[in-house]
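Note that the structure is a prediction, hence the values are computed from the model and not measured. Counting starts at 1 for both ligands and their atoms, in listed order.
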Amino acid sequence: MTWITFASIALLFAQDQRVLAPYTRPTLIAHRGASAYAPEHTLPAYRLALEQGADYVEPDLQITKDGVLVCMHDTTLERTTNARAQFPNRARTENGRSTWPVADFTLAEIRTLDAGTWKGPMWTKTQVPTFQEMIDTVRGKAGIIPETKAPEIYGKRGLDMEKLLMEILTSNQLDKPGSDPRTPVIIQSFSEASLRMLRTKHNCRLPLVYLTPSLGKETPEAHVTRVKQFADGLAPSVGAVKTHPSLVKEAHKQGMSVTVWTVRAKSKADADATRAEMKSLLLEAGVDAIFTDNPDLFPRK
Ligand code: G3P
Ligand code: CA
């Protein structure tokens with residue numbers, strides 16, 4: 001077979017694929033783990049996500065006072081832990097509200113917290129995991145898609161989230177595309193500055209995706225063209241995809257994958273509708289990957 005023939009067949013195969021790199025099939029991302037069923041960002045939620053067939057598991061990242069990456073969505077501890085009861089005298093007041101920032105507490109202190117009871121008594125004493133523990137739990141079984149969460153808040157405290165992230169990925173030999181084919185890594189952020197920092201200052205070659213709640217006044221074409229300067233993929237909200245039906249096609253035209261967030265069942269009775277919504281996003285809207293709280297409802301066919 002000549003190289004020209006081989007290249008033509010390869011091109012035909014590529015054109016036939018329904019999803020764009022870094023994805024290889026319609027992709028299920030467990031949002032905060034299987035967070036509909038277990039306390040978000042805990043090891044039980046990550047393990048359940050694996051049992052439910054997640055292609056990738058999502059950790060949102062925060063940094064402790066002593067500079068350790070932990071998995072948590074909020075920058076503060078009070079919604080998902082018993083910090084209020086455990087550390088009653090350590091609150092800050094922000095906008096008239098008491099709050100317990102993650103960055104005010106050492107890892108040892110955070111380890112004393114209960115991150116499960118808010119979800120139900122069966123999860124009592126579940127701890128906040130470190131990112132390293134999350135990696136150890138998921139590695140070899142699924143991909144990992146960490147989000148640099150509010151990195152600017154940590155920057156003001158002298159904590160460098162991008163540096164810590166690249167250090168831990170490097171020490172786990174997960175810092176390059178293909179490092180571990182069973183555990184691909186994609187980095188996501190709402191922060192353009194964070195993604196730019198990863199690519200330029202830290203020479204990060206891993207796929208980067210940019211989270212966008214809304215396009216604002218940008219047209220889909222202008223949005224994709226802008227994001228392409230610092231990321232490899234778009235990650236719009238479901239609302240943004242529905243508001244701009246041409247967004248996915250425009251992204252694909254410019255070689256950008258589309259990862260949409262977040263699909264969740266409002267109740268157990270909502271399972272069929274939730275499955276149908278994901279099917280419609282994949283087959284009609286044409287997205288490549290979906291973040292969902294309900295990995296068990298992802299339509300594989
Ligand atoms: O990262 C995708 C999605 O999780 C973005 O929303 O607020 O749940 O981190 P959030
Ligand atoms: Ca997230």
Side-chain angles (χ1 to χ4, degrees), residues 22-23 27-42 45-46 49 54-63 69-80 102 115 118-119 128-129 131 134-135 138 142-154 161-162 165 184-195 198 206-216 223 227 230-243 247-248 251 256-266 274 277-278 281-282 285 287-295 297-298:
Y23 304 112
T27 294
L28 161 55
I29 303 175
H31 181 244
R32 313 183 193 175
S35 58
Y37 313 107
E40 66 183 53
H41 293 313
T42 62
Y46 298 147
D55 295 306
Y56 285 79
V57 181
E58 183 207 30
D60 290 317
L61 300 177
Q62 307 291 341
I63 310 176
L69 288 171
V70 291
C71 303
M72 184 169 285
H73 176 271
D74 299 4
T75 56
T76 60
L77 297 164
E78 62 271 12
R79 182 177 63 85
T80 57
V102 175
W118 70 276
K119 187 75 174 172
V128 174
F131 182 39
M134 188 275 173
I135 292 172
V138 172
I144 298 174
I145 179 162
E147 178 184 343
T148 58
K149 204 69 162 165
E152 59 289 344
I153 290 182
Y154 293 98
M161 188 174 280
E162 293 78 21
L165 174 56
V185 177
I186 299 170
I187 300 177
Q188 46 154 345
S189 191
F190 284 103
S191 167
E192 175 181 338
S194 182
L195 296 180
L198 284 161
L206 294 167
L208 306 177
V209 301
Y210 181 56
L211 297 159
T212 320
S214 139
L215 267 56
H223 180 70
V227 175
F230 58 86
D232 306 293
L234 299 189
S237 65
V238 171
V241 168
K242 288 183 178 167
T243 306
L247 180 62
V248 175
M256 304 270 280
S257 61
V258 179
T259 309
V260 74
W261 51 275
T262 299
V263 179
R264 53 174 66 96
K266 292 181 193 74
T274 305
E277 183 180 12
M278 289 199 256
L281 284 164
L282 292 166
V287 306
D288 304 288
I290 298 177
F291 280 95
T292 179
D293 294 359
N294 305 80
L297 300 181
F298 188 81

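- In terms of polar-atom proximity, Glu58 is counted as a contact of ligand 1, with an N or O under 3.5 Å from an N or O of the ligand.
- For atom 4 (O) of ligand 1, the nearest non-hydrogen atom of the protein is His31 NE2, 2.7 Å.
- The atom of Glu147 nearest to the Ca ion (ligand 2) is OE1, with the search restricted to N, O or S atoms.
- Judged purely by atom type and a 3.5 angstrom limit, Thr42 uses its side chain to pair as donor or acceptor with the backbone of Pro39.
- A side chain to side chain donor-acceptor pair (under 3.5 Å) with Glu40 is found for one member of His73, Lys119, Arg32 and no other, namely Arg32.
- Close approach of ligand 1 to Leu211 (heavy-atom distance below 4.0 Å) involves ligand atoms 1 (O), 2 (C).
- When distances from the Ca ion (ligand 2) to the N, O or S atoms of Asp60 are compared, OD1 comes out shortest.
- Atom 9 (O) of ligand 1 has Lys149 NZ, 2.6 Å as its closest protein atom, hydrogens excluded (heavy atom only).
- Between Leu211 atom CG and Ser191 atom OG the span is 10.0 Å, to the nearest 0.5 Å.
- In terms of protein heavy atoms, atom 7 (O) of ligand 1 is closest to His73 NE2, 2.7 Å.
- In terms of protein heavy-atom proximity, atom 1 (O) of ligand 1 is closest to Gln188 OE1, 2.6 Å.
- Closest approach of Asn294 and Ala36 over heavy atoms only: ND2-CB, 3.3 Å.
- Atom OG of Ser35 sits about 3.5 Å away from atom CG of Asp293, to the nearest 0.5 Å.
- Looking only at atom types and distance, the side chain of Tyr154 has no donor-acceptor partner in the side chain of Thr75 under 3.5 Å away.
- With ligand atoms numbered from 1 in the order given, ligand 1 contributes 7 (O), 8 (O), 10 (P) to contacts under 4.0 Å with heavy atoms of Arg32.
- The N, O or S atom of Glu58 lying closest to the Ca ion (ligand 2) is OE2.
- Remark: ligand 1 atoms within the under-4.0 Å shell around heavy atoms of Asp60 are 9 (O).
- Annotation: Phe190 is in aromatic contact with Trp261 [ring centroid separation under 6.0 Å].
- Looking at Glu58, its side chain never comes within 3.5 Å of a backbone N or O of Gly33 through a donor-acceptor pair.
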